[in-house]
There are 2 protein chains.
Amino acid sequence: MAGNRSTDISVGEKNKTNILQAAEKAFAQHGFKGTSVQRIADAAGLPKTNVLYYFKTKQDLYQAVLKQTLSLWNSRFDLACETDDPAETLAEYISEKMEMSRTHPMLSKIFALEILNGAPNLNPYFNDEHLHWMQGRVAIIEAWITQGKMNQVDPHYLLYTIWASTQHYADFATQITRLRGQKMKKADFAQATTTVIQLILNGCGLTVPPHYERSQHDQLS
Amino acid sequence: MAGNRSTDISVGEKNKTNILQAAEKAFAQHGFKGTSVQRIADAAGLPKTNVLYYFKTKQDLYQAVLKQTLSLWNSRFDLACETDDPAETLAEYISEKMEMSRTHPMLSKIFALEILNGAPNLNPYFNDEHLHWMQGRVAIIEAWITQGKMNQVDPHYLLYTIWASTQHYADFATQITRLRGQKMKKADFAQATTTVIQLILNGCGLTVPPHYERSQHDQLS
DNA sequence: CGCATTCCTGACCAAGCAGTCATAGTGCCA
DNA sequence: TGGCACTATGACTGCTTGGTCAGGAATGCG
């Protein structure tokens, strides 16, 4: 038909991404067991058999969604080194993770559900990567401590705290929304981000870089 | 038969608690949808019909488990007032929550799963209680700030951070275990607790009370 | 046009599920 | 002894589910 000449992607690819989007939403909300292929198909506006045509099994589809999820873990912190400024580096890392919680809450939820279920679908490859990443980051933080750049804080628990307090805004959004009476908007996330940065950086004996400081008009009376 | 004369609880009560324990474990690991009544029955060593005899529906059983879960939220912080010492109060609160994550990880997971699923089973009563609690705690923290006892930190985000970074050790135990290579022991929890306290209290501009300080032999080289 | 590949789908099936029911054992009190 | 309440359970039912299959439509390409 006319009008679609610019889309050189095949109909198959288009359908696949469409299905993946619907699946992402469904899995994030209801978990693997709680999501039926029929529900995903309905959300994607396709017959169930068509979904099974592109992804042979529900497992395959879930694995594909999970793969996207793991891209969440990429960050500029991956490339940090011990000569970097800890305050700047950590603030940016927290900022990145908060932005992830805001813009991709469903992927965060899927990861959380996977962990809660005992992570049966996280393959050894990811585990190794993850462990390797962890060891590298821990070494850098320990170097910063040795150099006297920051307080002595166990790097493992520091990282867990950063993950927890940022992912929380995606995973526990339901709870937060109920307590606030409305969903967190972009400005709320900005405020939450500065608060988390303030807490953790000060907690490490670091000074919050000017760029990440609370802006004037956000001050309490 | 002989031997049971000291147990004045009826066989029914004994079975009920037995079933509840099995259900707690199963729901925490596989969620509501992912748990079959049969599985719970097997874990409890009873025929499925017997489980349904005590709890008419799977929903009922889940609700009963969830009710236990909500007891997690009780804390000595509930009774705090603005004349209390913020450092001492918050340190104790964090300590309590960490202890909950250590001793009742499954209940924490069930709560997390419930929230992730959109909290369809949290009744309005709990929501109201929870909101009321929140408002009370926020007021106290704001008073502390006004009194100059601690830095200006948005109380809401402070509380979220405390919840997140403590519950994390229950909900994400699988991830932590894989990264460490082994489960966290009691001593590890103690260290994690002091680290979280240090981070958050320093983050608020508070001094960690001596009792909650890292002990000497835990120091890094 | 002709053929192959990709795409699409209704009908169907076996398994697992929550929940019902009829039946039966058990302890207790009158 | 009879009756009642509680406890227990195998057999069964109706429904949802993931997945198969056979056949048909669209598309691209020589």
Side-chain angles (χ1 to χ4, degrees), chain A residues 1-27 29-66 110 113 117 120-121, chain B residues 1-27 29-66 110 113 117 120-121:
Chain A
M1 300 287 173
N4 275 12
R5 74 193 188 288
S6 66
T7 64
D8 52 350
I9 53 174
S10 69
V11 53
E13 287 305 312
K14 212 169 62 183
N15 273 338
K16 268 193 181 181
T17 60
N18 180 22
I19 292 168
L20 279 172
Q21 269 192 332
E24 178 186 316
K25 204 166 178 175
F27 284 136
Q29 201 168 139
H30 307 284
F32 179 76
K33 276 279 201 174
T35 302
S36 68
V37 179
Q38 185 67 64
R39 179 193 235 116
I40 295 171
D42 290 348
L46 297 169
K48 189 185 72 169
T49 359
N50 205 355
V51 173
L52 272 316
Y53 168 73
Y54 286 107
F55 300 91
K56 293 224 181 306
T57 69
K58 186 178 155 184
Q59 268 284 336
D60 285 352
L61 178 48
Y62 176 74
Q63 296 268 6
V65 172
L66 189 61
I110 287 169
L113 283 168
N117 282 351
N121 293 285
Chain B
M1 298 289 174
N4 275 13
R5 73 194 189 289
S6 67
T7 65
D8 52 352
I9 53 175
S10 70
V11 53
E13 287 306 311
K14 212 170 59 184
N15 274 338
K16 267 193 180 182
T17 60
N18 180 23
I19 293 168
L20 279 172
Q21 269 193 332
E24 178 185 316
K25 204 166 177 174
F27 284 136
Q29 200 168 141
H30 307 283
F32 179 75
K33 276 278 203 171
T35 303
S36 69
V37 178
Q38 185 67 62
R39 176 190 239 125
I40 296 172
D42 290 348
L46 297 169
K48 189 185 72 167
T49 5
N50 207 354
V51 173
L52 272 317
Y53 168 73
Y54 286 107
F55 300 91
K56 292 225 181 305
T57 69
K58 186 178 152 185
Q59 268 285 336
D60 285 354
L61 178 49
Y62 176 74
Q63 296 269 6
V65 173
L66 190 60
I110 288 169
L113 282 169
N117 283 349
N121 292 287

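Order of the sequence lines fixes the chain letters, A, B, ..., with proteins taken first and strands second; residue numbering starts at 1 for each chain.
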Quickly work out the B/Tyr54 OH to C/dA18 P distance and round it to whole Å. 20 Å

N/O (side chain, A/Thr49) to phosphate O (OP1/OP2, C/dC8) under 4.0 Å: no

C/dG10, OP1 or OP2 - any side-chain N/O from A/Asn50 closer than 4.0 Å? no

B/Lys16 atom NZ is separated from D/dC6 atom C1', nearest whole Å, by 12 Å

Using modelled atom types and a 3.5 Å cut-off, is there a donor and acceptor pairing between side-chain atoms of B/Asp60 and backbone atoms of B/Phe55? no

Whether the side chain of B/Lys48 engages the backbone of B/Ser36 through a donor-acceptor N/O pair (distance < 3.5 Å, no angle test) should be reported. no

Parallel, tilted or perpendicular: which describes the rings of B/Tyr62 and B/Phe27, with under 30° parallel and over 60° perpendicular? perpendicular

Examine the base of C/dG19 for any acceptor or donor lying under 3.5 Å from a partner atom in the side chain of B/Lys48, and report the outcome as yes or no. yes

Just how far, in rounded Å, is C1' of C/dG16 from NE2 of B/His30? 16 Å

Rounded distance (Å) that lies between atom C1' of D/dT17 and atom CZ of A/Arg39: 13 Å

What integer distance in Å separates A/Leu52:CG from D/dG18:P? 9 Å

Could you state the atom-to-atom distance from NZ of A/Lys33 to P of C/dC17 in whole Å? 6 Å

Can you tell which of C/dG19, D/dT9, D/dA8 lies closest to the side chain of B/Lys58? C/dG19

Using whole Å, report how far CG of A/Leu46 lies from P of C/dG10. 11 Å

Rounding to a whole Å, what distance do you find between B/Asn15:CG and C/dT26:P? 15 Å

Tightest non-hydrogen contact, residues A/Ile40 and A/Ile19, listed as CG2-O, 4.1 Å

Using a cut-off of strictly less than 4.0 Å, decide whether B/Tyr53 has a side-chain nitrogen or oxygen near OP1 or OP2 of C/dT20. no

